[in-house]
Amino acid sequence: MPEILEIELYRRSIEPVVGRTIAEVHAPDPWFLKGGVVAAQLNDALVGAEVSALRRRGKLLLMDFVGDGPVLGLRFGMTGRPFLDDGGPLLELEYSSRRAHADWDRFALQFSDGGSLRINDPRRLGGVELDPDEDALGPDAFELTLARLRTVFHGAAPVKAVLLDQHRIAGLGNMLADEVLYRAGVDPARPARSLDDSSVKAIHRAIRRVLPELLERGGSHAGRLAVGLRVPGARCPKDGAELLRRTIGGRTTYSCPAHQR
DNA sequence: CTCGACTCCTGTTAGC
DNA sequence: TGCTAACAGGAGTCGA
């Protein structure tokens, strides 16, 4: 599923839209439009606008326009993929179809140079928003400092739930959160405020290492606690203990009872 | 404010 | 073979 790494790869791959001008907006699926915006408003706001930058904050992709144009927010949910200029898919996603039926195109921008940007999303968990509230998101996980991380672990919620809370840290999804805690040696179920400073430091170190490493290896599925191990009965590659499968923070969670404490 | 429970979406897959 | 039910997780809402 797209987490921060996949969104960053998406951002890089569709950066060629910078400098292009939007000629048409296709928004055939009202469900896909978020924040109460309707197709006609998107049309008014975007047609004729020239893309000036493509940014990312957490899992939110942001398209800026020249002048005082709007900001277009793109979310890919669990199964969304961008297609630029009729090129092939950038990535295959876990838990999603490898196909890309035209029926699943939920949103598209047609550019004046003839190219296009489509969002294909089988399960419709992504969405498009005009002028999204960027500050509702915490700091981007790539920019996360130790000082900032120390401030988020204050509540009674499980540490994993905190890592998944996009208001506190933006970008980590289910697989990355498991991977980070696996490497940090921290039990995902531990109440956040019970962490001592060495555990917080270990989590910070794991985040700083995991993101660049897995970005280079192609995405969040490439971790040590990876897809092949996220099955019942799998054993920890580190010490051979049978991995625990639990639901924490409402998400399927794998962890090692031997070295995650 | 915090946090867990619940809801939404639908293609894929396991199991009968 | 054909069907059903469970499953996946990002994000928003609601109530205690």
Side-chain angles (χ1 to χ4, degrees), chain A residues 1-8 10 27-37 56-62 73-82 89 91-107 119-130 132-138 140-141 151-181 188-195 219-221 223 225-234 245-255:
Chain A
M1 70 249 39
E3 301 186 30
I4 187 170
L5 304 178
E6 285 73 20
I7 307 303
E8 176 59 20
Y10 289 172
D29 184 354
W31 163 262
F32 211 69
L33 306 182
K34 307 299 180 183
V37 73
R56 182 190 56 71
R57 179 154 173 176
K59 303 174 207 171
L60 177 64
L61 196 62
L62 296 152
L74 305 174
R75 294 181 192 277
F76 294 88
M78 183 178 168
T79 56
R81 289 186 296 175
L91 298 168
E92 301 296 348
L93 297 175
E94 299 301 325
Y95 308 123
S96 183
S97 173
R98 257 159 263 278
R99 297 189 299 273
H101 292 304
D103 288 356
W104 301 339
D105 282 347
R106 311 300 180 186
F107 183 77
I119 297 180
N120 189 270
D121 184 0
R123 297 187 208 175
R124 301 168 83 208
L125 285 163
V128 171
E129 192 174 357
L130 212 50
D133 181 6
E134 298 176 38
D135 292 326
L137 294 170
D140 186 83
T151 69
V152 308
F153 291 130
H154 49 76
V159 56
K160 174 167 176 180
V162 171
L163 293 180
L164 289 175
D165 182 351
Q166 302 298 300
H167 301 100
R168 303 206 229 188
I169 303 169
L172 300 182
N174 195 42
M175 297 189 67
L176 283 177
D178 276 3
E179 178 76 14
V180 162
L181 294 170
R190 269 182 66 177
R193 65 163 157 248
S194 76
L195 296 174
S220 48
H221 59 280
L225 188 61
V227 171
L229 294 173
R230 302 179 70 83
V231 291
R245 180 189 193 273
R246 290 173 288 179
T247 298
I248 300 173
R251 294 292 163 255
T252 303
T253 301
Y254 286 91
S255 65

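Naming: A, B, ... by sequence-line order, numbering from 1 per chain.
Residue A:A161 is out of contact with every strand shown, counting any heavy-atom pair closer than 4.0 Å. A:P191 comes within 4.0 angstrom of nothing in the nucleic acid, heavy atoms only. Note on A:R251: a base of the nucleic acid sits closer than 4.0 angstrom, heavy atoms only. Within the 4.0 angstrom heavy-atom criterion, only backbone atoms of the sugar-phosphate kind lie near A:H154; the bases stay farther away. Across all strands shown, A:K59 has heavy atoms under 4.0 Å from sugar-phosphate atoms exclusively, and none from any base.
Residues A:K59 and A:D140 are not paired through a salt bridge, judged by the lack of any N-O separation under 4.0 Å between the basic side chain and the carboxylate.
Across the protein-nucleic acid pair, A:E3 atom CD and C:dG10 atom P stand 5 Å apart, rounded to whole Å. Summarising the geometry, the separation between CG on A:N174 and C1' on C:dA11 is reported as 14 Å, rounded to the nearest angstrom.
When the side-chain nitrogen and oxygen atoms of A:R75 are compared with OP1 and OP2 of C:dA11, one or more of them lie within a distance under 4.0 Å.
Here the nucleotide nearest the side chain of A:R245, chosen from C:dA8, C:dA11, B:dC9, is C:dA8. Candidate nucleotides C:dG10, B:dG4, B:dG11 were compared by shortest atom distance to the side chain of A:A157, and B:dG4 ranks first. With B:dG11, B:dG4, C:dG9 as the choices, the nucleotide that has an atom nearest any side-chain atom of A:M78 turns out to be C:dG9.
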